[in-house]
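Indexing begins at 1, ligand by ligand and atom by atom, following the structure's order.
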Amino acid sequence: MRRMFVAMSGLALGLVLAMHVGVRAEQAQDPAVIDKTMKAVGPAFGAVRKAVDGGMMAEAKAGAQTLSKAFAETEAFFKSHGKADGVEMAQAGKKAADAIAAAANAEAAKAPVGELTKTCAGCHTKYRDKAADGSYTFKPGA
Ligand code: HEC
């Protein structure tokens with residue numbers, strides 16, 4: 001009876017461990033995902049900034065929609081890695097992009113553009129590494 005109980009507990013523990021490891025391995029997105037997303041974010045944000053400066057709101061809004069989608073992907077990436085602050089920064093980025101897309105005019109878009117610039121830098125300081133060859137990589141952080 002006692003041996004049976006020990007055997008059963010061992011089995012249950014093994015199962016829990018296997019499930020835990022399995023779930024983590026399955027959910028954490030590959031760093032290639034954030035690399036691809038950010039390679040789109042860079043030019044899109046450059047275009048948005050230029051468009052807002054030039055008062056071309058149709059272009060600014062189209063770019064802001066691209067950014068909004070990219071930050072939803074960014075949020076999913078950081079969520080899959082269990083980084084709550086990364087998730088928050090991605091959400092802040094999406095909120096600012098949505099504010100640009102909804103802005104009544106270029107003047108009103110300037111504040112969210114400024115906020116977005118700070119959000120980029122905040123996340124890069126913590127989660128972006130620069131390799132010796134000048135390329136960027138995801139830094140898992142603390
Ligand atoms: C929540 C975190 C986060 C936010 C917010 C964020 N980034 Fe990134 N970014 C990353 C990470 C992580 C990398 C490194 C991934 C890689 O390049 O492999 C990166 C890389 C980049 C790269 C280099 C891409 C390459 O490999 O050539 C550019 C450009 C970039 N980001 C632009 C931006 C801009 C512009 C913003 C703001 C509008 C922004 N990012 C906001 C996390 C973020």
Which of the ligand 1 atoms, numbered from 1, are nearer than 4.0 Å to a heavy atom of Phe71: 5 (C), 37 (C), 38 (C), 41 (C)
Atom 12 (C) of ligand 1 - nearest protein heavy atom and its distance: Tyr127 O, 3.3 Å
Centroid separation His81 to Phe138 less than 6.0 Å: yes
Ile34/Gln29 under side-chain contact (heavy atoms from CB on, under 4.5 Å): CA gap, chis, key distance, verdict: CA-CA 8 Å; Ile34 192 73; Gln29 291 181 11; over 6 Å; no
Side-chain touch Thr117/Arg49, heavy atoms, less than 4.5 angstrom: yes
Near atom 8 (Fe) of ligand 1 (under 2.8 Å) - protein N, O or S atoms: Met38 SD, His124 NE2
Flag side-chain contact, heavy atom, 4.5 Å: Phe78 against Met89: no
Thr137 versus Asp129, side-chain donor and acceptor atoms under 3.5 Å: no
Phe71 side chain near Leu116 side chain, heavy-atom distance below 4.5 Å: yes
Which residue and heavy atom of the protein sit nearest atom 27 (O) of ligand 1, plus the separation: Lys39 CE, 3.6 Å
Atoms of ligand 1 close to Leu116 [distance to a heavy atom under 4.0 angstrom, numbered from 1]: 38 (C)
Contact atoms of ligand 1, heavy-atom distance to Gly86 under 4.0 Å: 1 (C)
Exceeds 12 heavy-atom contacts within 6.0 angstrom, atom NZ of Lys139: yes
Residue pair Met38 / Val41, side-chain heavy-atom distance below 4.5 Å: yes
Polar contact flag for Asp35 and ligand 1 (N/O pairs, less than 3.5 Å): yes
Any Lys110 side-chain heavy atom under 4.5 Å of Val52 side chain: yes
